[in-house]
Amino acid sequence: MSSKSPGRRGARGRAVRVLRDLPKCGCWHPSNLPRSYASAAITQAHAAELGNDVPKEPLMFLKPPSSVIGPEEAIVLTKYSQRVEHEGELAMVIGRRCAHLSDADDALSFVMGYTCLDDVTARDLQKSDVQFTRAKGFDTFCAVGPHIETALDPSNVLVETHVNGARRQSGVTSLMIYPPAFLVRWISRMMTLVPGDVIATGTPAGVGPLLAGDTVEVSVAGIGVLRNPVHRPQA
């Protein structure tokens, strides 16, 4: 992943970690590719729009490293799906190794920072397969960026998605079914989290289709805008 402004700083002068610089800090390199974890349904409204009950526990799935792209890189639709949709989200980037965190542990102290993420999903395949691996695992289906904000309170920030300038999604993280700190603790109790791992926190209501020629923008207040063009499937 890359950024066009490696010296960039966040709003009001807060320090950010630029994605292109991550290999220098040892977070992303060939021997330690990032894993993307995600939690389905940021709010009761999103669960309802998919016809799902509110989960009693977070529904976790993984997106492969080959799905990850950066800002301005193309989301490439797949010929195996007739309904590919956007899911704009706040994402956490792990900065320190952690496992088996207790309720007393400061879970967010293991987070290096926060960024925007588009959990692109082949909705028809998600419904037909039941489990999410194929629907969410296609190449280019995990856009992340534009940088990592290292000084953000994730408890009540606005997350929005626009397609071709029209707002599709808008919600605040205070309405999450499971807040960010809970997700870090919960995942750490099943598998060790390592630096560079990305946790997507779930999406607001308003998910919708992506078509070739679209431009999708995911914004998180205090971080910035992740922008990606959408391309037709490869022949």
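Worth knowing before you read on, the calculation uses all heavy atoms, side chains too, and leaves out hydrogens, waters and symmetry mates.
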side-chain contact (heavy atoms from CB on, under 4.5 Å) between W186 and E57, worked out: CA-CA 9 Å; W186 190 77; E57 290 184 311; 3.9 Å; yes
side-chain contact (heavy atoms from CB on, under 4.5 Å) evaluation trace for V76 with F141: CA-CA 8 Å; V76 181; F141 272 27; over 6 Å; no
Evaluation steps, side-chain contact (heavy atoms from CB on, under 4.5 Å), between E149 and T115: CA-CA 6 Å; E149 173 61 61; T115 192; over 6 Å; no
Stepwise side-chain contact (heavy atoms from CB on, under 4.5 Å) test for T121 and V84: CA-CA 6 Å; T121 302; V84 174; over 6 Å; no
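For the pair P146 and C116, the minimum side-chain heavy-atom distance is below 4.5 Å. Looking at heavy atoms from C-beta onward, V159 lies out of side-chain contact with S219 at the 4.5 angstrom threshold. For the pair L183 and P58, the minimum side-chain heavy-atom distance is below 4.5 Å. At least one side-chain heavy atom of Q169 sits under 4.5 Å from a side-chain heavy atom of V207. By the 4.5 Å heavy-atom criterion applied to side chains, T140 and E73 are not counted as neighbours. Using a 4.5 Å heavy-atom cutoff, the side chains of S188 and L101 are in contact. Side-chain atoms of R227 and P71, non-hydrogen and from C-beta on, never get closer than 4.5 Å to each other. No side-chain heavy atom of D214 sits less than 4.5 Å from a side-chain heavy atom of P229.
Looking at S170, its side chain never comes within 3.5 Å of a backbone N or O of E160 through a donor-acceptor pair. Of the possible donor and acceptor atoms, one in the side chain of N228 sits under 3.5 Å from a partner among the backbone N and O of G70. Although no hydrogens or angles enter the test, the distance criterion places no donor-acceptor pair under 3.5 Å between the side chain of D197 and the main chain of I94. A donor-acceptor pair is defined here as one N or O able to donate and one able to accept, closer than 3.5 Å; no such pair exists between the side chain of T201 and the backbone of A91.
A chain of hydrophobic side-chain contacts below 4.5 Å, direct or via other Ile, Leu, Val, Met, Phe, Trp or Tyr residues, connects V157 to V111. No continuous path of hydrophobic side-chain contacts links L210 to V218 [ILVMFWY only; heavy atoms under 4.5 Å]. With hydrophobic clusters built from ILVMFWY side chains whose heavy atoms lie under 4.5 angstrom apart, L193 shares a cluster with L90. Under the 4.5 Å side-chain heavy-atom criterion for Ile, Leu, Val, Met, Phe, Trp and Tyr, F138 and V120 are members of the same hydrophobic cluster. Transitive grouping of hydrophobic side chains (ILVMFWY, heavy atoms separated by less than 4.5 Å) brings Y114 and V220 into a common cluster.
Side-chain contact of E89 with T203: a donor-acceptor pair under 3.5 Å is absent, judged by distance alone. Residues S81 and R123 bring no donor and acceptor atom of their side chains to less than 3.5 Å of each other.
Around the CZ atom of R189, the shell of radius 6.0 Å holds more than 12 heavy atoms that belong to other residues, nucleotides or ligands. Q131 CD: more than 12 foreign heavy atoms inside a 6.0 Å radius.
Here CZ of F110 is found 12.0 Å from CD1 of I199. Values are rounded to the nearest 0.5 Å. Taking NZ from K136 and CD from E87, the interatomic distance works out to 3.5 Å, rounded to the nearest 0.5 Å. Taking CG of N156 as the reference point, atom CE of M176 lies at 10.0 Å (rounded to 0.5 Å).
Counting all heavy atoms, side chain and backbone alike, L226 lies closest to G145 at CB-O, 3.6 Å. The two atoms that bring A212 and L77 nearest to each other are N-CD1, 3.6 Å, heavy atoms only. Nearest approach of T192 to A99, heavy atoms of both residues: OG1-CB, 3.6 Å.
The side-chain contact (heavy atoms from CB on, under 4.5 Å) test with N164 is passed by exactly one of V230, L211, T215: T215.
Shown here are the side chain to side chain contact (heavy atoms under 4.5 Å, CB included) partners of R168, two or more places apart in sequence or in another chain: H86, V163, P209.
The pair K63-D119 meets the salt-bridge criterion, with a side-chain N (NZ, NE, NH1 or NH2) lying under 4.0 Å from an Asp/Glu carboxylate O.
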